[in-house]
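Chain naming here is simple, since letters A, B, ... match the order of the sequence lines and numbering starts at 1 in each. In this text, all values refer to a predicted model and were calculated from it rather than measured experimentally.
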Amino acid sequence: MTTFATPSSTTAPASTETSVAQTWGLVARFANPAELMHAAEAVRKAGYRYWDCHSPFPVHGIDHAMGISRTILPVVVFGAGAAGCTLGFLLQSFTNSYDFSIWAMVWVTGYPFLISGKPLLSFPAFVPVMFELTILLSALTTAFGMLAFNQLPELYHPLLKHPGFGRATDDRFFISIEARDPQFLRSKTGEFLKSLGASSVEVVES
Amino acid sequence: MSHSHDHADLGPSNTRADAAIARIAGRLLPAAVVLLAAAAWLAWKGGDANATAKLYLVSFSFILAISLGGLFFTMIQFLTRAGWSVAVRRPAEALASNLRWLWIPFMLPLLWLWWKGGQHHDAGTHALGLDVLWPWANLEHMQQHEPAEYENVLKKAGWLDPNFFVLRAAIYFAVWAVLATIFFKGSTSQDTVGGTATTDRLQKLSGPSIILFGLTVTFAAFDWMMSLTPTWFSTMFGVYFFTVCCTAGFSAMALVTIRLQSLGALKGIVTREHLQDLGKYIFAFGIVFWAYIGFSQYMLIWYGNIPEETTWFMARQMGGWTTFSWLLIAGHFVVPFVFMISRWMKRWNVTLAVASAWMLFMSAVDLYWLIVPVIPAGLADATTYAELAEKHKDAPVGFFTLATLCSIGGMLCLFAWRTARTLSRNHLVPVRDPRLGESIAFQNI
C-alpha cells in the first residue's frame, strides 16, 4: 500500500495525440475502505501480481486482503543490532585492551591504558557503548531498510499524472493494476474493476 | 481482515467463568495451606529467626510485586486513555485488588515485631524485634558489634526509626489499598452501570494516583529491602523494585489471561493482538528495562569503586552467590531476550505462557537475590578481594531448598486463590467499558 503526496499542481492530462504514450495501467476509484478491502481481495483472487492499493490512511487488514507477505525487515534489523553490539565490543577492546596493530587504510595500534586500577578488558565499562551502537545501527537500519524495501524515495510515478489521483490523500481509495501484469487486458481488466464496484476506471499513461 | 470483533460474544457464557474459576480456587486454598504449613514447620525446625524472616520477606514481596504490577498496568491504561488494553485490563485489576488485603500478612508480623522490640528495649532483655530483619532497629547492638557501621547508621536514625518505619508501612499499604479499591471498584461497577462517567473519573484520578504509586513503591523498597543493609544506599533501588513489579505483574497478567481463555472464556475478545502486546510489555519492562536499570545501578557502583557502595554487590559475588548472580543475568535477560524478541513468540499462547511463567519465576529469584545475601563478615579486615572471596567461597545460597520453595509457592497459591475468588465473582472483561469495541478490533500493524 502506497500513499502518494498530492502533486503540486494537478494539470490537465498530457495530450494523448503523441504517439509515444503507452498504457501504464488502469486505476479504479472506490468510495470507502470497506469497498477497497473487498475489491483488493477479489483482485488478489483473480491472480493479478502487479497491482497496488492507495488510501489516505493505513487500512487495517489490507496487507492480508492483498496477500502481501510479512516484511523481512525485523530480521535485518536484528542482524544490524547484533553487528552493532559486536562492533562496539571489538572497537573498545581493540583500542583499550590490546596493543596489536591492524591495517585500516593506515596502520593503527591499540593503546592499553590502565584506568582506576580496572582490568584492561573491563566488560562493564564497554556495555554503554555496545548498547548505544546496537541502538544506532538498529535504528538506522530500520529507517533506511524501510525506505529501501519500499523502493523509496521514488521521485516520479505515472499515477501522479492522473488528475483525480490527488484524492488518494484525501477521501478516495484507489486500486491500480499495471499493464505489465500478464493477466492485464485493457478491456477485460477494466470491466473486472467496474464489476467490483469502482465508481470510475481510468487509463493511466506512462 | 478479520471481522471477529463483529461477532465477539459479550454474553455471560464468554465473559464469566464463575464455576470453573471457583473450582480452581477450591484447589488453590488447600495447596496454600499445606505449603505454608510445611514452610512454617521447616522454619521452626531450622530455628534461624533471621533466615525465616528474610524468606518471609522474599515470599511476601513476590506477591506484593505481582499486585503492584497489576495496579501499575491498570493506572497507565487510564493515564494514556489506551483503547487496545480494555480486553485484558480485568486480570490486571483483579491482581491489583489483592492490595486490599495484602496489608494483613505484612502489618501484623511487623506490628508484633515492633511491639516485642519496644518491650525488650525497655526491659533490656533479648527478644525478637524489628532487628531480626533490619539491623538499624537495634542501635545498641550495632554499636557493640559494628561500631563503624553504627556511626553511619546513626546519621540515618531519624528516618530509620522503628515508630516512623511502622507508620510509613501503614501509609504505603493505605495508599495501595485505596488506589486498588478505586480502580477495581470503579471498573467493576461500570459493568453494571455502563456509561462514560466512570472512565472519565478514573482517567482524571490516574495522574495523581501514579505519582502516589511511584513514591510509595520507591520508599517501600528503600525501607523494606534497601535498609536490610542500612549503610548501603542506591537512588536507583526504588526503580529496580519497580521493574520487579513490572516483571511479576505483567507475567502474571499474561498467565491469567491465557488460563481464562483455556477455560473457554474471552473467545474472540482477547486475540493474538492482545497477547502480543502483553508480550511486548513483559519484553520491554520485565526484560529490557530490568536489565537497563540493573546494569545502570551496577555500573556506577562498579566504576566508582567506593567500599561503602561496593559491599552490597560484594555480598552477591561471594561463593555460591557468584553463580547465582550470573544465572540471574542469563535467566532474567539474555535467554528471555532472545526467546521473546520475535513477534511470533508473543502471539502464540503456548510460547507466551512459557515465557510468562519463566519470568514470574525469575522475579522471585530476583527478589531472593535482592533480600537474602548478607555482607560478608570480616570485610573491614580483608586487604584484597581475592582473600575475602577465598574466605567466603562456600557462602551458601539455599534457593532450591524445600523451605524456600514451600514458602514462595505457598504465598503464590494464597495469592492465586484470592485472585481466583475475585475473578469468579466478576466479569472477566470490562463488558461496558466504552472502549471495549475499539479494544476487540485492535490490530498490530
J.: So what's closer than 4.5 Å to chain B heavy atoms on A:P124: side chain, backbone, both or neither?
T.: both

J.: Answer yes or no: are there more than 12 heavy-atom neighbours, outside B:Y292 itself, under 6.0 Å from its atom OH?
T.: no

J.: For the CZ atom on A:F78, are there more than 12 heavy atoms of other groups (residues, nucleotides or ligands in this structure) within a distance under 6.0 Å?
T.: no

J.: Please walk me through it: do A:F131 and B:F295 pass side-chain contact (heavy atoms from CB on, under 4.5 Å)?
T.: CA-CA 11 Å; A:F131 173 74; B:F295 181 76; over 6 Å; no

J.: Stepwise, does the side-chain contact (heavy atoms from CB on, under 4.5 Å) test hold for B:W302 with A:K118?
T.: CA-CA 10 Å; B:W302 170 83; A:K118 300 280 194 294; 3.4 Å; yes

J.: For a quick test of reading the model, state the closest non-hydrogen atom pair linking A:R70 to B:W344 and the distance between them.
T.: CD-CZ2, 3.4 Å

J.: For atom OH of A:Y98, is the number of surrounding heavy atoms from other residues, nucleotides or ligands below 6.0 Å larger than 12?
T.: no

J.: Using a 6.0 Å cut-off, check whether atom CZ of A:F113 has over 12 heavy atoms from anything other than its own residue.
T.: no

J.: Please say whether more than 12 non-hydrogen atoms of neighbouring residues, nucleotides or ligands are located less than 6.0 Å from OH in A:Y111.
T.: no

J.: Could you pull out the closest heavy-atom pair between B:M299 and A:P128, with the gap in Å?
T.: SD-CG, 3.5 Å

J.: Tell me, with the steps shown, if A:I115 and B:Y303 meet side-chain contact (heavy atoms from CB on, under 4.5 Å).
T.: CA-CA 10 Å; A:I115 300 167; B:Y303 214 101; 4.0 Å; yes

